[in-house]
Number of protein chains: 2
Amino acid sequence: MNFQQLEYVLAVHRTKHFGKAAESCNITQATLSAMIKKLEEELSIQIFDRSRHPIQTTDDGILLLKKAEDILAKQQELFHLGQMDTGEMMGEIRLGVIPTVANSLLALFLPSLLEQHPKLKLIISEITTDEILYQLAHNQIDFGILSTPIEELSEAYEEQILYYEAMMVYGIESSDKGFVSSKDVENKKVWLLEEGHCFRSQSMTLCKIREKKEQTENLQFKSNSFETLLNLSDQMGGLTLVPELYYNNLSAKRKSKTQFFQKPIPVREISLLAIKPISKKRSMQKLAELIQEIVTPQLKTAAFKNRDLNIIGI
Amino acid sequence: MNFQQLEYVLAVHRTKHFGKAAESCNITQATLSAMIKKLEEELSIQIFDRSRHPIQTTDDGILLLKKAEDILAKQQELFHLGQMDTGEMMGEIRLGVIPTVANSLLALFLPSLLEQHPKLKLIISEITTDEILYQLAHNQIDFGILSTPIEELSEAYEEQILYYEAMMVYGIESSDKGFVSSKDVENKKVWLLEEGHCFRSQSMTLCKIREKKEQTENLQFKSNSFETLLNLSDQMGGLTLVPELYYNNLSAKRKSKTQFFQKPIPVREISLLAIKPISKKRSMQKLAELIQEIVTPQLKTAAFKNRDLNIIGI
DNA sequence: AACTTTGATAGATAAAATCTATAATGAATT
DNA sequence: AATTCATTATAGATTTTATCTATCAAAGTT
């Protein structure tokens, strides 16, 4: 028995097809066929029922699968044990990122990450905060990137702050001051992201909209992306909030319609989250450093002192 | 990385010596050295500090060890997955047996078990009931053989009854009836095993000694083996209790001094215990069958009906 | 019946684990 | 300091294992 054979079994179960499984494992179908057969003989069990179409995993096979997954997950942890020493990351990292971070952050650090660490396999999913917490707890992802602090976060999670990012106002008439005050925002129509995208409750806190619910029925509108919100603001007037990294990617025209708040600048705190015991501890540290190195130069916020920042949490 | 390399690491950690580790793995020292080195290079960590004497496992090494143990334990479970189909057992089974069962039972079934299943590796420890429960709970053994029922046994344990074994009286004057009654035992001096050997509390229940504590101060004596108890009985008079399988191994002279109780015959219930989820379920079934096949013909008790038996528990 | 899809098999090749023999290292002893 | 002993590392040969290419066999489709 070896680790590859277990991977091959998983691949066949996933694809229900020897040929496709072989391709996904980067071996020939002949090799895969032989290796599966060898494992079946060694364990004296039938793992797959090849007579059914598509291929069926037997009951014994299902039992084996679960244990094989456990073994391979533990093997991954071994790969991540030593990678601080050399600095090179390897093995597999499963990362969940909330949408409002994913759209601007991933494009920033992914290129250098993948280039600097060719042996690293990244599996990224864009999911909500709740989903990240759930998937961390169920070992479906290794790390999450989301906005913190999170209310009543269990001790079981380990949090590492990555950066603070200013929340900027889009759609404001250019003010002489160059900075927007909370007062400028009051009583304006504000477009926000749909609930579930953690962003919304943050923005509501910020703009003190909660107190005057009556005036803001239009907050019921649900949008999934900043792009939509910006378009709405353009066409129908009103404001929306965008984080600094997103601002950096805007067109010159749109940048001109975007302003920082005045000090203390409202910022959101973006953190890397894992569940204890952290099986890929060193990778977490390394990943955090890499992201910080790349993101910090992109953020004017990074130059400000703590007392000039106002962290807005959920 | 492969499973062998992980085993080699465990062996070196255990022996603190490359040569001895190699021997215990049935490979040469050169191979072991090369394989350890290869794994260290693959993971980019130093597992052992060879400059210290005896060899020291590094901090990274300790982290790796724990995961390696997990992986190899899971691998063992895979080996045990299919062995009902062929009937042949293989892989590793760690078995804890209480002393009063071990001394007579092991010699009975071990020979045929090992002969019929050459690929099976048995690791047996003779430990107390409490220790069996603890080691099962901490995954230090796979199965326990002990006397049941056990008071307040958690739902987490799975129990399979193996056989019922008569408790016989040694040191009694031969009675015409051929059977001893509880009355014959009353007021006699009784030698019992030390506490911790589950046997004692059972016997005390049986003989109703608890009610007349004053008369039996000599029960304070602690012995570890039936052999000692029989000798005591011979030299100082008084009775002791022996289970039927132990009786079978006695000399003719001693057999003549041993008698069954009259019906309902007090018996102890011997069971195979495992913790849920049972990772080696099929092996458990197979092992139970094998023991029953071998033991049943040895026991007169097996011929009796249930209503003629009186199960004495702790 | 001809064709296609899919998994199995045979034989060759490449990669690896392991062996024997010997060197290098470091501690213990003279 | 030199010598011996114990222990791990290394070199090169050998065996074992994994993988590849090419082809076959069986089942499903046209």
Side-chain angles (χ1 to χ4, degrees), chain A residues 1-58 60-61 64-65 68 71-72 75 78-79 90 119, chain B residues 1-58 60-61 64-65 68 71-72 75 78-79 90 119:
Chain A
M1 186 193 309
N2 58 41
F3 288 105
Q4 289 106 299
Q5 286 168 346
L6 300 181
E7 270 164 14
Y8 301 162
V9 170
L10 259 56
V12 172
H13 176 74
R14 198 170 353 101
T15 59
K16 313 281 181 211
H17 190 288
F18 275 57
K20 287 170 193 162
E23 193 183 5
S24 97
C25 295
N26 299 310
I27 54 169
T28 61
Q29 172 266 315
T31 301
L32 182 127
S33 214
M35 288 298 100
I36 297 277
K37 188 184 171 192
K38 199 173 175 197
L39 183 63
E40 287 182 324
E41 279 167 0
E42 184 178 6
L43 299 179
S44 313
I45 61 175
Q46 181 91 358
I47 301 173
F48 298 108
D49 182 351
R50 295 139 168 96
S51 70
R52 294 201 156 282
H53 284 264
I55 278 183
Q56 192 92 31
T57 309
T58 64
D60 281 349
L64 179 137
L65 270 176
I71 288 175
L72 293 174
Q75 188 201 20
L78 287 185
F79 283 127
M90 54 188 136
K119 288 186 200 155
Chain B
M1 188 192 308
N2 58 41
F3 288 105
Q4 289 105 300
Q5 286 168 347
L6 300 182
E7 270 164 16
Y8 300 162
V9 169
L10 261 55
V12 172
H13 177 74
R14 196 166 359 98
T15 60
K16 313 282 180 212
H17 191 287
F18 276 56
K20 286 171 193 162
E23 193 183 5
S24 97
C25 295
N26 297 310
I27 54 169
T28 62
Q29 172 267 317
T31 300
L32 181 127
S33 215
M35 287 298 100
I36 297 277
K37 189 184 170 193
K38 198 172 175 200
L39 183 63
E40 287 182 323
E41 280 167 1
E42 184 178 6
L43 300 179
S44 313
I45 61 176
Q46 181 91 359
I47 302 173
F48 298 110
D49 182 352
R50 297 142 168 92
S51 69
R52 296 199 155 281
H53 282 264
I55 279 183
Q56 192 91 28
T57 309
T58 64
D60 281 349
L64 178 137
L65 270 176
I71 289 176
L72 293 174
Q75 189 202 20
L78 287 185
F79 283 128
M90 53 188 138
K119 288 185 200 154

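Naming convention: chains lettered A, B, ... in sequence-line order (proteins, then strands); numbering from 1 in each chain.
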Please list, chain by chain and in numerical order, all residues satisfying side chain to side chain contact (heavy atoms under 4.5 Å, CB included) with H17(B), sequence neighbours excluded. T15(B), K20(B)

Could you tell me the boundaries of the chain A footprint on DNA chain C, defined by atoms under 4.0 Å from its heavy atoms? dT6(C) to dT9(C)

For F18(B) and F48(B), take the angle between the two ring planes, folded into 0 to 90°, and tell me which bin it lands in: parallel under 30, tilted 30 to 60, perpendicular over 60. perpendicular

Residues in side chain to side chain donor-acceptor pair (under 3.5 Å) contact with S24(A), at least two apart in sequence or another chain: none

By side chain to side chain donor-acceptor pair (under 3.5 Å), which residues pair with T31(A), not counting sequence neighbours? T28(A)

Applying side chain to side chain contact (heavy atoms under 4.5 Å, CB included) to E23(B) and not counting sequence neighbours gives none

Not counting sequence neighbours, which residues clear salt bridge (charged side-chain N to carboxylate O under 4.0 Å, His left out) with R14(B)? List them please. none

Please name all residues satisfying salt bridge (charged side-chain N to carboxylate O under 4.0 Å, His left out) with E7(B), sequence neighbours left out, ordered by chain then number. none

How would you summarise protein contacts on nucleotides 4-13 of chain D per nucleotide, using B for base, S for sugar-phosphate only and - for none, with heavy-atom distances below 4.0 Å? ---SBBB---

d(CZ, R52(A); P, dG28(D)) in whole Å: 12 Å

Find which nucleotide of DNA chain C each of K38(B) and I27(B) is nearest to by heavy atoms, and output the residue with the more 5' nucleotide. K38(B)

Sorted by chain and residue number, the side chain to side chain contact (heavy atoms under 4.5 Å, CB included) partners of M90(B) (sequence neighbours excluded) come out as S44(A), Q83(B), K119(B)

Results of side chain to side chain donor-acceptor pair (under 3.5 Å) for R52(A) - residues two or more places apart only: none

5' precedence on DNA chain D between M1(A) and S51(A) (nearest-nucleotide basis): M1(A)

For DNA chain D, which residues in residues 2-11 of chain A have a heavy atom at a distance below 4.0 Å? N2(A), Q4(A), Y8(A)

Using side chain to side chain contact (heavy atoms under 4.5 Å, CB included) as the criterion, list what pairs up with K38(B), not counting sequence neighbours. Q5(B), M35(B)

